[in-house]
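This report concerns only the one structure given below.
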Amino acid sequence: YEPNTCKVLRQFFETTVTLEEIVDGQLPVIRCSFIYSLNLNQYQTDDWFRGGIVETGFGLQYEIRSVLGSKWNGTELELTLNAPLIFAQPGANLQLVTGCDHTVTACLTKFNNFDNFGAFVAVPDQNLSLKGLNASVAQGNKK
């Protein structure tokens, strides 16, 4: 959502969800439901929101978390966060922003933004313009 490079407008890829449950576990997981009747089919793909963010609160209780993974669980969305929410309680509204994994596929399918794709489409495993070095060790006979 970088205005100088990517140029995708964040407001077109964020939605408001309601925090339904905070799940105790090894990783912080929350369950959310969508407030607005959107085209939910696009969001039902697992990890659609991975790489995105969750924002809630304001002032001293403002919280922002990275989304490490997302999974559609029937009628609810399950989000794995990088850290637990401290102030948000069930019933709170959260701003949820779609994640980008910086791949060509995401740029094309999620954002229709290939014209502004700033990475290399394909990077080979080996650089064919550089000659490989053959390292040999001669023990005891330093050269």
Side-chain angles (χ1 to χ4, degrees), residues 1-139 142:
Y1 302 102
E2 169 59 41
N4 297 322
T5 55
C6 175
K7 299 182 177 130
V8 170
L9 297 176
R10 174 186 157 159
Q11 59 264 32
F12 293 125
F13 296 96
E14 67 183 0
T15 187
T16 303
V17 294
T18 299
L19 176 60
E20 297 293 338
E21 180 182 6
I22 298 173
V23 181
D24 291 328
Q26 191 171 6
L27 290 172
V29 174
I30 60 173
R31 289 197 180 100
C32 306
S33 61
F34 286 89
I35 293 177
Y36 306 109
S37 59
L38 302 166
N39 179 7
L40 294 179
N41 291 335
Q42 70 178 351
Y43 300 126
Q44 291 179 346
T45 305
D46 281 349
D47 284 332
W48 179 266
F49 291 100
R50 182 179 59 194
I53 58 169
V54 170
E55 293 178 318
T56 185
F58 57 93
L60 295 175
Q61 293 188 341
Y62 172 75
E63 298 181 85
I64 183 169
R65 301 290 183 266
S66 296
V67 178
L68 302 179
S70 66
K71 183 171 68 171
W72 189 256
N73 187 7
T75 59
E76 292 182 332
L77 183 66
E78 192 171 277
L79 301 171
T80 303
L81 306 178
N82 68 323
L85 293 170
I86 305 299
F87 301 110
Q89 297 297 317
N93 288 341
L94 312 173
Q95 286 301 111
L96 178 58
V97 182
T98 301
C100 179
D101 60 5
H102 308 284
T103 62
V104 173
T105 304
C107 206
L108 284 169
T109 59
K110 277 187 179 181
F111 304 103
N112 191 23
N113 190 36
F114 187 71
D115 290 345
N116 295 314
F117 185 68
F120 295 102
V121 177
V123 178
D125 292 336
Q126 296 179 341
N127 186 340
L128 301 177
S129 66
L130 297 176
K131 183 178 179 183
L133 297 176
N134 187 4
S136 64
V137 175
Q139 294 197 2
K142 296 183 180 177

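Computation of the quantities below employed the complete heavy-atom set of this structure, encompassing side-chain atoms and omitting hydrogens, waters and symmetry-equivalent molecules.
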If you round to the nearest 0.5 Å, how far is [atom2] of [Y] from [atom1] of [X]?
X: Thr98; Y: Phe12; atom1: OG1; atom2: CZ; value: 13.0 Å
X: Asp47; Y: Asp101; atom1: CG; atom2: CG; value: 9.5 Å
X: Ile53; Y: Leu79; atom1: CD1; atom2: CG; value: 12.5 Å
X: Leu81; Y: Leu68; atom1: CG; atom2: CG; value: 7.0 Å
X: Leu85; Y: Ile64; atom1: CG; atom2: CD1; value: 11.0 Å
X: Ser66; Y: Arg50; atom1: OG; atom2: CZ; value: 13.0 Å

Would you say the side-chain atoms of Lys110 pair up with the backbone N or O of Gly99, donor to acceptor, closer than 3.5 Å?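 Answer holds: yes.
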
State whether the side chain of Glu78 and the backbone N or O of Val29 hold a donor-acceptor pair below 3.5 Å, judged by distance alone.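 Flag not set: sc Glu78 to bb Val29 has no pair under 3.5 Å.
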
Pair Leu94, Cys32 - check side-chain contact (heavy atoms from CB on, under 4.5 Å), show working. CA-CA 9 Å; Leu94 312 173; Cys32 306; 3.9 Å; yes

Test side-chain contact (heavy atoms from CB on, under 4.5 Å) applied to Val54 and Val17, step by step: CA-CA 10 Å; Val54 170; Val17 294; over 6 Å; no

Regarding Arg31 and Glu20, does a basic nitrogen lie under 4.0 Å from an acidic carboxylate oxygen?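 A salt bridge is absent here (no side-chain N lies under 4.0 Å from a carboxylate O).
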
For the residue pair [X] and [Y], what are the closest heavy atoms and their distance?
X: Pro28; Y: Ala83; result: CG-C, 3.5 Å
X: Leu19; Y: Ile30; result: CD1-CB, 3.6 Å
X: Ser70; Y: Phe49; result: OG-N, 3.1 Å
X: Glu63; Y: Phe87; result: OE2-N, 2.9 Å
X: Ile22; Y: Ala88; result: CD1-O, 3.6 Å

Are Gln95 and Thr56 close enough that a side-chain donor and a side-chain acceptor fall under 3.5 Å?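 Short answer, no.
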
Within the supplied structure, the quantity of interest is the number of heavy atoms (other residues, nucleotides, ligands) at a distance under 6.0 Å from Tyr62 OH; does it exceed 12?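 Counting neighbours around OH of Tyr62, more than 12 heavy atoms of other residues, nucleotides or ligands fall under 6.0 Å, so yes.
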
Mind checking whether Phe13 and Phe111 have parallel, tilted or perpendicular rings, split at 30° and 60°?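 Judged by the thresholds at 30° and 60°, the geometry between Phe13 and Phe111 is perpendicular.
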
